[in-house]
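Note sheet for the following structure.
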Amino acid sequence: MNRYSIFSLLRNSVNYHQDWQRAWRSPDPKREYDVVIVGGGGHGLATAYYLAKECGISNVAVIEKGWIGGGNTGRNTTIVRSNYLYDESAGIYEHALKLWENLSQDLNYNVMFSPRGLLHLAHNVHDMQEIGRRGNAIRLNGIDSQFLTPAQVKEMVPFINLECRYPVMGALLQPRGGTARHDAVAWGYARAADAMGVDIIQNCEVQGFKIENNTVTGVETSRGSISAKKVGCVVAGHCSVLADMAGFRLPIESVPLQALVSEPIKPILDCVVMSGSVHAYISQSDKGELVIGAGSDLYNSYSQRGSFDVIEATVGPVVELYPIFSRMKMLRQWGGIVDVTVDRSPILTKTPVNNMFFNCGWGTGGFKATPGSGNVFAHSIARGDMHPIAEPFSMYRFISGALIDEGAAAAVAH
Amino acid sequence: MSQDYRRDKGGQLNRSKTLRFWYDNKGYEGYQGDTLASALLANGVHLVGRSFKYHRPRGIYSAGSEEPNALVQLESGAHTEPNRRATEVELYEGLSASSQNCWPSVGFDIGAINSKISRLLPAGFYYKTFMWPGALWTTYEKFIRKAAGLGKSPTEIDPDSYDKIHAHCDVLIVGAGPAGLQAALHAGRSGARVMLIDEKPMFGGSLLADSALIDGAPADQWVTKVINELKQMREVTRLTRTTVTGYYDYNFVVANERVNEHLGPNRKAGGPKERLWKIRARQVVLATGAIERPLVFADSDRPGIMLAHALRTYVNHYGVLPGNRIVLITNNDSAYHSALDAHAAGAMVEVIDVRRNPSGSLLDTAREQGIHIHENSTISAVDYRRGKLRGIEVMQLSDDGKAVRGVPSDLRCDLVAVSGGWTPTVHLFSQGKGKLKFLDDEHCYVPGERAVNNKGFEAGSCKATWSLPECLKEGAIAGASAASAAGFESTATEDASGTEESVYGPARALWILPTDHPVGRGPKKHFHELHNDSTVADIALAAREGFVSIEHLKRYTTTGMGTDQGKTSNLNALTVMSEIRDVPIPEVGTTTFRPPFTPLSFGSIVGHDRRELFVQKRKTAIHPWHDRNNAVYEDVGDWKRPYYFPQHGESMHDAVQRECLAARASAGIVDASTLGKIDIQGPDARRLLNMVYTNAWSKLAPGRCRYGLMLNEHGMVFDDGVTTCLAENHFHMTTTTGGAARVMGWLEEWLQTEWPQWQVYCTSVTEQWAVASITGPNAGKLLSTLCDQPLDDESFPFMSMQSFNVAGIPARVFRISFTGDLTFEINVPARYGLALWEALMKAGRQYDICPYGTEAMHILRAEKGFIIVGQDTDGTVTPLDLGMDWIVSKTKGDFLGRRSFTRSDTTRSDRKQLVGLLTEDPSFVLPEGVHVVEKLKDKPPMTMLGHVTSSYMSPNVGRSIAMALLKDGFNRKGSTLEVSLMDGSSHKVTVTDPVFLKSGSE
Amino acid sequence: MLLIECPWCGLRDQTEFHCHGEAHITRPLDPDSLSDEEWGSYVFFRNNPKGLHYERWEHSHGCRRWFNAARDTVTDHVYATYKPGVAKPEIES
């Protein structure tokens, strides 16, 4: 791997950039690997990277049915944060955030992690209680969190309409939260993993598993049969399809989640602002687009697109909270398929099939966890037993009842 | 200012109406009917902006919505809009616009330094650098962000209004060019309800720039004739200035009409700026036309270079001849129309044809007119200096078209027009999940198979039909077929015979033209993508580095990601990649077209749903009294509930303390109308209650009330409330305010899907009843002054309900209590709510009745240890965790959620349990949400045991009180623990029972 | 933006409806006889097919009645809607 730096860029510019190597090879699949990772998104590629880098297992293939980073990795609103309520969540998301902070240097690929600060707005007494509880929990977990008054919110976002339909009563700030460049995460992990010998195989669809004595021995793909000592499945919206091939079910439903961007404008919004009660999630990309997370359609779908009414229900609150954006324009809307669990927490788990591991259920918020998820999943696969950070996220928690209910904690009643 | 480049005649302009406008603070004149672009060109202005990345000077490239370059900041102040395409902005008196992405001026732009160091800035350069030192990225990022972006966001409130409308039709026709007009005519004649939509201010499409004859008459006369016939059809809706932005499932189409926008900020009040049409059509006819495809040559991005059809449009439709010495470069015949029209308008015209030995009638005509044709040639260099295009260099092409040969010859010119053929506009078809197919002969994608639920037809050049008679015919057939499919009798008639037909010879499949150094390896740049400054060399680099999937290419080079979404560039990018990889274009792929077709304003998406109409405020019948009496409101769901009633400038704390004391001292009154209320009737009503509540309901007698907890199947509490037996088969259920709809849905779900045979009906009656709840030792005395009912414990016991008149109003009175004191909840039909409240206030004066809000209500209940679902529970709490074993029936059999109690995690004895907390300092009120820690440390992390759910200063207890969900809480009662606060301080608390006030009658 | 045929009201816009997940899950008559696995499976685990899916819809902004639909989760094509209690129709997808 030739290193990327301003010097290599200078050197290559002399020759009009004719000498750059492929960022990753495009090998034909070998007949056998120690580990096959199904799914070439951020989480899968990160898993392969950490298997090679930290677990000494580089005889690894990442199998992707399309192009790497083409699923939710390349379709999300790029928000990175670790300000979760429960210890288990704080464990995995903060593990991820710490890796984010040095990821560009680690991968020698600029993933543009931008800790520009992330605000959660509170619009009613219940919200205040929720951020109060969460803010305190975050602090006690050793993670940065601050409460802001409406005036302080106004300082960070001068054009916000504090007196909107549900007036802003306060906010929770995670200064280390922010955004990253989503595509670069997939490409950076792919390049770094490839450099350590991982085979990244695109346009290769898994069509079935080879299972003997309830133990997985390989995968059947559109490019032939591949043997594997262990298999890790990291395919987000399609996890139920793979589980079905392996003969079990997951506590997951796949729904379309939409997002949209505005036309690019000069910098105006310097932090990430999330509002649950007014349902507006917004940041500004380095290119200048306002990046806005929309809601999900509440029906199962694999069609990678949703309904226009979800867009209306998203832009309405944005304009209510930021009236100056009324004359801005939506440039592009798109959808991804997210794998949603009942408790809004992910599943990292051993499965009913020996040597088969699943990492899924990240729902609407998986991007932020990419490095942490890949890291603990790699260790879990390598050891054959779940990493302590991953342990609570077993699929069997839905049998025992030990849910990690990040969703319920934000529920409203009075 | 004179319009030096305005033709003496021609164009569909109102020349009697001169409009004055400003561009970059310089005044100009144009005519009504101009766009900003045509008016600028009429004044000789080509340079209008700076490019996204390299800040290269850029000019007007097209005459329509595909414009990649001419983006301007329209107007200033509250009316400003960034990134408006000058080619679409209609001129109005006083229009003011400025160039973007340049400083200090478009002519001299500091950012153009990027162009000088462009060799350092290939595609994706930012992934390879700015990594050292790591801490500096955020600094680098600031500069990158400033350099990026285009125009500026408005910073003031939008003064305009926007409208929204639903429409249903039989046949929706998108595009009113020759095919679309024909389709409308034929569908309309069948009597079908037709909508014809076009993005331009007038119908005609390509005919607006065409000099062809239809039916022996000039095209514009034919257009007028068709429009006149359509005007006679009652069921035909014609929308101009309307862009179909999105094509969704089941023929759901979103279109944005720019109603008054073209009048500018000074338009008269009354009409909306824009109107969003949400259309459901039985059939959708796409007649969306085609977009001209550029040729890419060395520095072909310079101002003064535009698409050939744009030139033709400016000449014929806008009466502007944007150059005097014009060179056309083409790989096909269609550009010769432009050459001939420009020549006829008086320009000196030469054509560079990249084809070897091109021939055909159009070329013959051109030659007859004295237009020189440079065959098998290309432009190898562009002379652009001091803000002006001054000339080009022409060179011969090699046989394979990949290199130049011979010596360059200079050609003076002030305008270059390019044509690489046409790309069908398939955006909407693809958005509608239709599959595209690639036509090898035409080198373009066209509509293939439609999605199963998006029924309709395509017609005209959007399916690569180029001949006008054929387009007219296809339009007629599509319109008639769509009407038939929608259930109307219709046949296509041939009524457009006698139409001029241009016969085109074959095009040469050559779009990326060589220069005297290899493409990408010299000073001259080949931009295939003008908007985001992406070059052919960038594609080669992407391919070299393995970004060969079309989606990777797009993301790595940002090709097609600009505000134009790559309308002119996408196919050239595919072509370059296909040549590099040596695979056919379909194997390279095509990216998914996403809505909207052109950017859609947030204002239009929002429509009227803003400000007061964003989400309606729910108000109780008693709300006017609250308003009059200085209530401060709390948002609970969509309800506005009085939070407290400050008097004489009281603080919230003082008001709430006063309200709490008064309620227990004598009498308090609270508006409880927002509580959810469900009327349940039927022989199986008790059966239903037994299933949805944890306790037993079989024996509740008429007139008696009972409190119940509702669980989901996980066994977790999700709502609570008092339900009253009104008659043997008739119950009145109450729910939390926020949970009303959820509980109603929950009951319906079970009744309709699991127990449909049960005879029981639920009706939401939340808004039918207004509720005034009076509490306190004098509540009974107060009530007795307004009714003739004995209210003693025997006549009207606790947890019962009676119907009688209160203040002359028929009422249901519930003797239940959320304060622990004697309480009557008086329910009256909502329309009497205010009257009841006022009567109670009047009668209560002698008892110093005190209205109180939700905060006092919460304190009063907390003093008695009553929970609030959603505050003291969070969806992870069982009744047992609340210490409410008494409410869980062990004998009645099954109920929803019961089985979950015996799962291993639910049976743990150290679950989080609800307890009371008393602070060491009785005057200290714990902030809600703080956590009790296992062991206090100097700094985090600390292990948490649980959090404070409710915390108040209780005037009746005489100290602060708190409730908490604490791990193994029941076993910790009596122990002293530490709470760690946000500011790093800590406080000692003693764990207690959550009932703080033992007194109280109920 | 689907068009959905409410079995009681006819063809209506998707915005009038709410989807409530997989259909034809019967609540166990005797939950006590179930193992934790079986109970957990009933409460949380769902078929999530790519293709034909039988699911529950509610005409929430209409007649408020529940019904079932057979829909393709890839094309979003609704093959059929039918009243609760009616056996699931055989669909050739």
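Scope of the values below: all heavy atoms of this structure, side chains included, with no hydrogens, waters or symmetry mates.
- Between Phe17(C) and Tyr299(A), every side-chain heavy-atom pair lies at or beyond the 4.5 Å cut-off.
- The shortest side-chain heavy-atom distance between Pro251(A) and Arg46(C) does not fall under the 4.5 Å cut-off.
- Between Arg71(C) and Ser301(A) the shortest heavy-atom distance is NH1-CB, 4.4 Å.
- The greatest number of non-hydrogen atom pairs below 4.5 Å with chain A, out of Asp13(C), Asp36(C), Leu2(C), Thr75(C), is found for Asp36(C).
- Atoms CG and OG, on Asn47(C) and Ser240(A) in that order, are 8.5 Å from each other to the nearest 0.5 Å.
- Relative orientation of the Phe45(C) and Phe398(A) rings is perpendicular, given thresholds of 30° and 60° on the angle between their planes.
- The shortest non-hydrogen separation linking Tyr302(A) to Asn48(C) is OH-O, 2.6 Å.
- For Asp297(A), the part lying near chain C is the side chain, with the backbone staying farther off; criterion is any non-hydrogen pair under 4.5 Å.
- With a 4.5 angstrom heavy-atom cutoff, Glu38(C) does not touch chain A via any of its atoms.
- Judged purely by distance below 3.5 Å, without hydrogens or angles, the side chains of Asp76(C) and Ser303(A) pair a donor atom with an acceptor atom.
- With a 4.5 Å cut-off on non-hydrogen atoms, Leu250(A) touches chain C through its backbone but not through its side chain.
- A donor-acceptor contact closer than 3.5 angstrom is absent between the side chains of Asn300(A) and Thr73(C).
- Side chains of Met1(C) and Asp309(A) form a contact here, defined as non-hydrogen atoms less than 4.5 Å apart.
- For a residue to count as touching a neighbouring chain, one of its non-hydrogen atoms must lie under 4.5 Å from one of that chain's; by this rule Gln14(C) touches chain A with the side chain only.
- Minimum heavy-atom separation, His238(A) to Lys50(C): NE2-NZ, 2.7 Å.
- Counting heavy-atom neighbours within 6.0 Å of Arg64(C) CZ, excluding the residue itself, gives a total of 12 or less.
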